[in-house]
Structure formats: C-alpha cells, structure tokens
Amino acid sequence: MRSDFDMSRTKLVTIGTTNADYVSHKLLLRAIGNETRFAIISLLKEKPFSVGDICEKLGFEQSRVSHNLKCLVDCGFVNAEQDGRNRIYSLDDKTVRPMLQLMEKHVERYKHHLVACRILGDE
C-alpha cells in the first residue's frame, strides 16, 4: 500500500502539477495565512507605511513587524522604498493587490461555506 505522500504526489503529477508547484503554492498561501503578515498586508492595502507606523497602528513590537516585513518583501508581496531615514513599505500593485481583490470577492461570496466547512475546521 502506498503512503499518503506517494498517493498525493501521483495525483499531482496526474493533473499536470509537480510537487514543486504544490510546495510553491502552499508557501504563497502560508505567507499570507500568518496572522501577523495578514494584518500587515491588510494595513498596507490602505496606503504605504513605515515600520514605525505599522507598529503603532497594529500594536506589534518592532522586531515582530520587521521580521514579517522581511518575509513579505523577500516573497514579493511588499515593496520597500527608502525615504530619508525611513523605509516605506507598500503592497505590490502588479500581482498582489489584484490577487487580494479576487480573494476578497471569493471570501465574500463563500464566507458562510468557508466557516461551515467541517474539513477545514478539523485541520
């Protein structure tokens, strides 16, 4: 009998997706699925902010914000621009903002289903 990993890998290849594709997509969702990073992204939807402004608005410590901003910048979700002594962070407008808008439309349409999904609740 095959292990779950072998079976899921076979299914991925069967539908034209590699394990590397799966891992990349999983990491993308994990990047925005983290509560701190999601809060930062949600704030940056309004307008660009400095680290200090983000800390003040969200009530997070500077080290927590900086750590998560580094992840968001490295993964291409957020852009950083130097403005004198401050770095100003903004959402990537080319891919991230449209992706978030589509996700919001989906959540709005299916939020009751998402909340009621017993499978997701068990994970």
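Treat the numbers as computed from the prediction; the structure is a model and nothing was measured.
Among residues two or more places apart in sequence or in another chain, the ring-ring contact (aromatic ring centres under 6.0 Å, His included) test is passed with Y110 by H106, H113.
With L72 as reference, I40 is the one residue of N79, L44, V96, I40 to meet the side-chain contact (heavy atoms from CB on, under 4.5 Å) rule.
Residue pairs meeting the side chain to side chain donor-acceptor pair (under 3.5 Å) criterion with at least one member in residues 34-46, sequence neighbours excluded, are T36-R64, R37-N68, K45-E104.
L100 and L28 end up in the same hydrophobic cluster when Ile, Leu, Val, Met, Phe, Trp and Tyr side chains are linked at under 4.5 Å. Residues I41 and L29 share a single hydrophobic cluster, defined by chaining ILVMFWY side chains whose heavy atoms lie under 4.5 Å apart. Linking ILVMFWY residues whenever their side-chain heavy atoms come closer than 4.5 Å, directly or via other members, places L43 and M99 in the same cluster. If you chain together hydrophobic residues whose side chains sit under 4.5 Å apart, F77 and M103 fall into the same group. Transitive grouping of hydrophobic side chains (ILVMFWY, heavy atoms separated by less than 4.5 Å) brings L91 and V51 into a common cluster.
At distances below 3.5 Å, at least one donor-acceptor pair connects side-chain atoms of H25 with backbone N or O atoms of D21. Of the possible polar contacts, one joining the D92 side chain to the T95 backbone as a donor-acceptor pair under 3.5 Å is found.
With rounding to the nearest 0.5 Å, the separation of OG in S50 from CZ in R85 is 12.5 Å.
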Would I54 and L69 count as a side chain to side chain contact (heavy atoms under 4.5 Å, CB included) if you check the C-alpha gap in whole Å, the side-chain angles of each, and the deciding distance to 0.1 Å?
CA-CA 10 Å; I54 294 170; L69 277 170; 4.0 Å; yes
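A salt bridge links K70 to D74: one of the charged nitrogens lies within less than 4.0 Å of a carboxylate oxygen.
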